Peer 1: 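I'd like to ask some things about the structure below.
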Amino acid sequence: MIKINDLSVSLGLFRLYNINLTIEEGSFFVLMGPTGAGKTVLLEAIAGLVPVRSGSIFIGNRDVTKLPPEKHGVSIMYQDHSLFPHLDVIENIRYGLRYHRLDKCESDRRVSELVDQLGLSHLLNRLPLNLSGGELQRVSLARALAVNPRILMLDEPLSALDPNFRYELRQMLKSIHKTTKVTLLMVTHDFGEAISLAERAAIMDRGRIVQTGTVDEVFQKPCCNFAADFVGMRNIFPVQFKGTKAVTGGLVVELGRKIDQDAGHIAIRPEDIVISNGRIRSSMRNSFQGRVLSVIDLGFFYEIEIMAGEVLFRSLIAKGALFELNIREKAEVVISFKAAAIHNF
Amino acid sequence: MIKINDLSVSLGLFRLYNINLTIEEGSFFVLMGPTGAGKTVLLEAIAGLVPVRSGSIFIGNRDVTKLPPEKHGVSIMYQDHSLFPHLDVIENIRYGLRYHRLDKCESDRRVSELVDQLGLSHLLNRLPLNLSGGELQRVSLARALAVNPRILMLDEPLSALDPNFRYELRQMLKSIHKTTKVTLLMVTHDFGEAISLAERAAIMDRGRIVQTGTVDEVFQKPCCNFAADFVGMRNIFPVQFKGTKAVTGGLVVELGRKIDQDAGHIAIRPEDIVISNGRIRSSMRNSFQGRVLSVIDLGFFYEIEIMAGEVLFRSLIAKGALFELNIREKAEVVISFKAAAIHNF
Amino acid sequence: MKKNKSLFFYLFLSSGILILAFIVLPLLQMIISPSYEMMKFTIMDRDVLRSMWLSIYTALSASLIAFIFGTPLAYLLARSDFRGKRLVESIIDLPIVIPHPVVGIAILSIVGKNHWFGQVLADLGIRIMGTPAGIITVLTFVGLPFYINTVKDGFQDISPRLENVSRSLGASMAGTFFRVTFPLAKRSMLTGSLMCTARAISEFGAVVVVAYHPMIAPVMLYERFESYGLKYSQPISVWLILICLSLFLVLRIVTLDKGVKA
Amino acid sequence: MKKNKSLFFYLFLSSGILILAFIVLPLLQMIISPSYEMMKFTIMDRDVLRSMWLSIYTALSASLIAFIFGTPLAYLLARSDFRGKRLVESIIDLPIVIPHPVVGIAILSIVGKNHWFGQVLADLGIRIMGTPAGIITVLTFVGLPFYINTVKDGFQDISPRLENVSRSLGASMAGTFFRVTFPLAKRSMLTGSLMCTARAISEFGAVVVVAYHPMIAPVMLYERFESYGLKYSQPISVWLILICLSLFLVLRIVTLDKGVKA
């Protein structure tokens with residue numbers, strides 16, 4: 001179990017403020033947030049690698065706040081894999097063993113199990129220089145697990161990989177979590193990973209934890225502007241609630257449910273907003289006339305900014321649809337969305 | 001007019017091979033391609049800034065291949081704006097004037113017109129250090145236009161800007177093209193820009209031009225694998241054509257039209273492939289059973305890889321739909337697509 | 001670094017302090033040794049003053065020569081790639097590794113009357129041995145690498161795109177150099193000149209071979225040491241060190257500023 | 001660069017060639033001046049051999065001292081950030097800018113019998129003035145900055161994450177340093193040692209103050225020049241330059257290799 005109380009850290013430009021977090025023994029926990037939110041610094045603080053300004057860190061009921069990193073019993077696996085370039089694969093994997101009072105037979109068995117499980121047996125005498133991205137990550141994982149850590153922390157292990165390797169490594173993480181019962185704490189900015197791997201998640205923003213909960217909770221019920229934006233709700237508006245309606249910038253939005261608040265926010269995912277050239281007949285309870293402000297290329301899709309009343313809506317449409325609907329800047333269009341697609345907080 | 005014949009360039013790691021290109025006087029031409037395709041090197045070759053290995057460059061019927069850059073009459077505007085940091089805004093704008101035999105009154109009038117048009121009058125004595133991203137681009141544009149060039153080349157002028165500035169600068173480029181009749185050659189990797197600004201386009205790949213045509217042509221009728229992939233058709237399969245059908249990897253795809261070729265390729269945009277949990281009743285003529293291989297986060301959407309028969313399909317679905325359809329790795333799903341969504345070449 | 005340091009850390013720290021003490025203590029001791037009267041008396045000595053002045057002006061002249069002839073070479077090295085570039089760079093670094101008296105001997109090898117080059121110089125009325133011209137030649141030789149390497153780095157930091165834009169706006173190569181490149185490289189040229197001057201002013205072994213007379217300050221210092229002993233050489237040392245430290249201080253301020261402006 | 005160069009380019013090119021000639025010609029002339037017999041005769045001279053050997057072994061000793069005491073300081077400077085770090089870095093650079101004879105005088109200021117430190121040394125039976133120990137002290141003083149600055153850069157190039165991983169796998173700070181940091185910094189230490197040795201072997205002015213006797217090679221060279229003239233000093237110069245150039249060559253090869261392995 002990891003228990004962090006009121007942790008504050010100040011390291012150059014990075015700062016953590018009053019972090020409180022509890023991670024259960026043997027769970028798979030994901031830490032999410034944009035670049036610079038302090039995710040890696042938090043991992044390093046738990047590992048004892050950065051000086052703590054105030055607060056405390058308990059690992060399995062032991063206060064490790066003031067202990068040097070080698071006494072934390074936490075393995076860390078960085079995004080850039082950080083293999084020792086002067087050691088070959090097997091030397092890398094065995095690096096930490098001498099510091100742990102392990103029976104020689106026991107540790108040999110453990111290493112050879114890991115080598116088999118991660119499919120590294122043909123690479124043992126290669127230098128990291130000669131390994132592919134996926135191999136590097138697997139060796140790094142084996143090295144971290146060889147010392148049988150209580151906690152394994154992974155700093156965006158998948159983001160540097162090709163999609164194919166990513167799938168493979170994800171499966172490995174799953175099976176390792178199942179077989180070893182190690183507590184896994186993973187940093188990611190990829191929601192897909194969180195959904196397919198983790199049980200609980202926390203969202204960080206500028207050195208603070210803004211939301212903690214199950215992965216589904218975090219995705220479906222954002223607690224605030226930042227969390228909503230982070231999970232992809234690009235349309236977030238401050239509103240006055242009136243019965244089942246919300247009023248904002250000259251528009252009246254039907255929520256289909258009564259809210260017991262005077263003022264608050266509503267949030268809508270851009271993919272839930274449908275664009276059409278004229279009014280369409282549908283079950284969607286909200287429909288507004290608007291004007292296209294800009295068309296932004298997002299790779300496979302376009303984000304269309306539409307001004308309706310005094311409200312700027314963001315919608316997504318497929319590249320092909322841009323031609324069909326003849327959407328250009330300054331075009332008049334109609335936007336529609338379901339009441340059920342509106343989140344409020 | 002720019003006419004390039006069999007141009008080859010070799011500059012460190014960058015190479016151009018047998019480039020042939022004609023750009024009409026006064027047109028707006030867009031050059032597209034992935035990073036490292038050689039787009040910027042081609043611009044620099046036209047401007048005379050890199051040594052030409054073979055081939056020739058004509059600008060308005062004059063062979064400029066061997067002339068130094070100052071004799072090319074081509075202004076270049078880089079992505080990083082490249083303003084002279086030691087000169088203030090007005091000194092930057094007036095930098096090139098002394099090298100052009102312009103009447104003093106004439107050039108003063110021209111500069112003050114540009115300053116007005118681009119809204120720079122309140123910035124004239126500021127140093128580039130103190131300007132915002134949008135201001136930097138506008139000053140850079142004014143500097144390039146002040147010398148009244150025959151050709152203005154823009155190297156991804158919009159990509160470094162915020163969406164708001166981007167819209168603004170795009171409008172300016174449009175109005176400048178309309179009022180000055182300068183030939184515009186713009187590099188971009190953003191298809192949205194190409195569609196909203198340009199008339200003709202070329203796609204580059206690894207130092208070669210792979211397709212030239214009107215913007216619509218390039219987008220709708222890719223000539224080859226690379227161009228299809230570049231304009232967002234992620235599903236490209238080699239096929240045998242049989243009447244109105246195409247056969248690939250154990251699947252028979254209905255094209256709804258007869259193809260006079262034995263073998264070739266078909267391409268389908270990922271957003272045109274619909275995923276459902278079971279067979280759905282629809283007008284879509286193609287429908288196959290498949291198995292989810294992986295779910296990849298693309299920011300607003302997920303790319304889902306589905307293996308149907310021996311063919312790997314890529315489809316896009318919204319983040320919300322992932323929960324509704326309960327799509328997980330290894331899930332069994334049905335994919336469907338219209339015959340009209342299938343491109344062939 | 002953790003707050004709870006290990007023994008190992010303190011071992012490292014003490015060896016670091018030892019090194020700093022090794023550098024600082026002798027200098028400090030030397031600076032506090034001479035009395036105020038000695039210091040004043042020394043600086044009133046016309047011979048000392050003359051040698052100081054000679055040191056300063058020959059070092060500055062060497063710097064000026066490095067600036068005039070070294071700048072173009074630094075620019076070429078920063079901007080172009082050619083076969084043998086590494087060889088050229090090695091040649092430029094040569095004066096750093098050659099034993100100092102050898103530098104003097106090498107210079108004398110070419111300016112003697114029995115060498116055609118020495119003949120040319122003699123016909124032009126230029127004497128090297130035992131003249132300020134000779135001192136400047138030697139100081140230029142040892143100072144050049146410092147100037148060229150610094151300014152080369154400075155040129156490399158200027159985006160070639162700025163020069164490209166200037167060319168495409170109609171400026172020739174020369175126009176571009178003087179209106180864009182030169183003003184932007186000013187600071188690195190200043191830094192390079194300071195480093196070249198500092199290196200030149202500290203030289204002794206190469207100069208003493210070419211010109212014992214007229215005496216530059218380090219030679220004068222050496223002579224005092226040889227003739228009158230440590231006590232009488234310390235005040236000159238202190239004055240000389242003050243000159244070097246002010247140069248060094250200016251250098252640090254100039255390089256510090258860089259972060260702010262760039 | 002365009003193929004059709006402007007006049008301006010040729011102006012730059014010629015001043016570059018001038019500089020290269022200025023460095024290469026004197027050295028070349030000096031190397032070709034002595035006859036083969038002279039060269040052979042010189043190297044058979046026992047005094048010359050002894051001074052060469054003294055030069056080499058004192059320079060290497062200085063390098064070794066820089067390695068032992070400078071490495072920890074370089075590591076601390078690379079890894080930690082503290083108030084006054086710039087001051088410490090300035091202090092380390094000091095020996096570069098101090099006039100060479102002043103270095104000798106500063107060292108003598110602290111090791112004299114009337115200074116407590118000199119007393120301590122005398123009690124320990126260590127003499128500095130006119131001994132190899134003194135020469136090594138002086139050479140360490142002038143060579144240190146070259147070693148420390150190079151190795152500091154080398155340490156900075158090693159990702160702190162490698163050390164973090166090692167710590168989290170259970171290694172102490174010392175264990176991490178010797179198993180990870182040290183092996184990875186080996187090349188920069190080699191480069192630093194070579195630069196330190198090169199600087200030490202070329203020193204003259206600082207040594208001549210502390211120890212005219214026993215004679216290191218540059219002092220021997222100077223004496224021959226003073227007593228017998230240019231012609232008799234050239235062969236020693238050539239031998240000395242050959243030693244320096246081989247050092248320099250090894251240095252270039254070591255730094256060249258870097259790109260391949262890293």
Side-chain angles (χ1 to χ4, degrees), chain C residues 1 6 8-9 12-13 15-16 18-20 23-27 29-30 33 69-70 72-73 75-76 80 88 90-92 94-95 97-102 105-110 112 115 144 172-174 198 201-202 204-205 209 218 221-222 225 230 233-234 237 240-241 244 247-248 252, chain D residues 1 6 8-9 12-13 15-16 18-20 23-27 29-30 33 69-70 72-73 75-76 80 88 90-92 94-95 97-102 105-110 112 115 144 172-174 198 201-202 204-205 209 218 221-222 225 230 233-234 237 240-241 244 247-248 252:
Chain C
M1 301 266 151
S6 64
F8 186 71
F9 173 78
F12 266 42
L13 193 64
S15 101
L18 202 69
I19 288 283
L20 292 179
I23 296 175
V24 170
L25 286 186
L27 294 173
Q29 178 60 40
M30 183 184 69
S33 287
F69 293 97
L73 183 56
Y75 183 72
L76 291 181
S80 49
V88 171
S90 300
I91 289 174
I92 290 164
L94 268 184
V97 291
I98 293 174
H100 307 157
V102 175
I105 295 198
I107 299 279
L108 289 185
S109 301
I110 206 172
H115 193 273
L144 256 177
S172 65
M173 191 178 163
I201 222 169
S202 69
F204 166 73
V209 166
L221 168 71
Y222 178 69
F225 171 73
L230 187 62
S233 62
Q234 278 172 339
S237 297
L240 203 48
I241 239 179
C244 292
L247 261 176
F248 189 50
R252 283 275 147 168
Chain D
M1 299 265 152
S6 64
F8 185 71
F9 172 79
F12 266 41
L13 193 64
S15 101
L18 202 69
I19 288 282
L20 292 179
I23 296 174
V24 171
L25 287 187
L27 293 173
Q29 180 58 41
M30 183 183 70
S33 288
F69 293 97
L73 183 56
Y75 182 69
L76 291 182
S80 50
V88 170
S90 301
I91 289 173
I92 291 165
L94 268 183
V97 291
I98 293 175
H100 306 156
V102 175
I105 293 194
I107 299 278
L108 289 185
S109 301
I110 206 173
H115 193 272
L144 257 177
S172 65
M173 192 178 163
I201 222 167
S202 69
F204 167 74
V209 167
L221 167 71
Y222 178 67
F225 171 71
L230 188 61
S233 62
Q234 278 172 338
S237 297
L240 204 46
I241 240 178
C244 293
L247 261 177
F248 189 51
R252 282 276 147 170

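Chain letters run A, B, ... following the sequence lines, proteins first and then strands; every chain starts at 1. These numbers come from the heavy atoms of this one structure, side chains and all, not from hydrogens, waters or symmetry mates. Every value quoted in this text rests on a predicted model; they were computed, and no experiment measured them.
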Peer 1: Where on D:Leu13 is there a heavy atom nearer than 4.5 Å to chain C: the side chain, the backbone, both, or neither?
Peer 2: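 Both backbone and side chain.
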Peer 1: For C:Phe225, is the CZ atom crowded, meaning more than 12 foreign heavy atoms sit under 6.0 Å from it?
Peer 2: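 Yes - once you tally the heavy atoms of other residues, nucleotides and ligands closer than 6.0 Å, there are more than 12.
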Peer 1: To check you understand the geometry: which heavy-atom pair defines the closest contact between C:Leu240 and D:Pro99, and what is its length?
Peer 2: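 Scanning both residues, the minimum pair turns out to be CG-CG, 3.6 Å.
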Peer 1: To the nearest 0.5 Å, what is the distance between CD1 on D:Ile19 and CD1 on C:Ile91?
Peer 2: 12.0 Å
Peer 1: Identify which of D:Gly205, D:Ser90, D:Pro95, D:Ser233 forms the greatest number of heavy-atom pairs closer than 4.5 Å to chain C.
Peer 2: D:Ser90
Peer 1: In terms of heavy-atom pairs under 4.5 Å with chain C, which of D:Val88, D:Ile241, D:Ile23 leads?
Peer 2: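 If we count pairs closer than 4.5 Å to chain C, D:Ile23 comes out on top.
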Peer 1: First locate atom CD1 of D:Ile110, then atom CG of C:Leu25, and finally report the distance between them rounded to the nearest 0.5 Å.
Peer 2: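 One finds 4.5 Å between CD1 of D:Ile110 and CG of C:Leu25.
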Peer 1: Below 4.5 Å, heavy-atom pairs only: which of D:Leu27, D:Val24, D:Ile201 has the largest tally toward chain C?
Peer 2: D:Leu27
Peer 1: Looking at D:Ile92, D:Ile107, D:Leu247, D:Leu144, which makes the most heavy-atom pairs under 4.5 Å with chain C?
Peer 2: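 That would be D:Leu144.
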Peer 1: Compare all side-chain heavy atoms of D:Ser109 with those of C:Gln234 and state whether any distance is below 4.5 angstrom.
Peer 2: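 Sidechains of C:Gln234 and D:Ser109: in contact.
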Peer 1: Can you name the ring pair (Phe, Tyr, Trp, His ring centres under 6.0 Å) partners of D:Tyr222, sequence neighbours left out?
Peer 2: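 For D:Tyr222, the residues satisfying ring pair (Phe, Tyr, Trp, His ring centres under 6.0 Å) (neighbours in sequence not counted) are D:Phe204.
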Peer 1: Using heavy-atom distances under 4.5 Å, tell me whether C:Ile98 contacts chain D through its side chain, its backbone, both, or neither.
Peer 2: both
Peer 1: Under the rule for side chain to side chain contact (heavy atoms under 4.5 Å, CB included), what residues qualify as partners of C:Ser237, not counting sequence neighbours?
Peer 2: C:Met30, C:Leu221, D:Val102, D:Ile105
Peer 1: Under a 4.5 Å heavy-atom cutoff, which of D:Ser15, D:Pro26, D:Gly112 has the most pairs with chain C?
Peer 2: D:Pro26
Peer 1: Do the rings of D:Phe12 and C:Tyr75 sit parallel, tilted or perpendicular, given the 30° and 60° boundaries?
Peer 2: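 Taking C:Tyr75 first and then D:Phe12, their aromatic rings stand perpendicular (interplane angle over 60°).
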Peer 1: Looking at D:Gly16, D:Ser172, D:Ala106, which has the largest count of heavy-atom pairs under 4.5 Å with chain C?
Peer 2: D:Ala106
Peer 1: Less than 4.5 Å to any heavy atom of chain C: does that hold for the side chain of D:Leu108, its backbone, both, or neither?
Peer 2: both
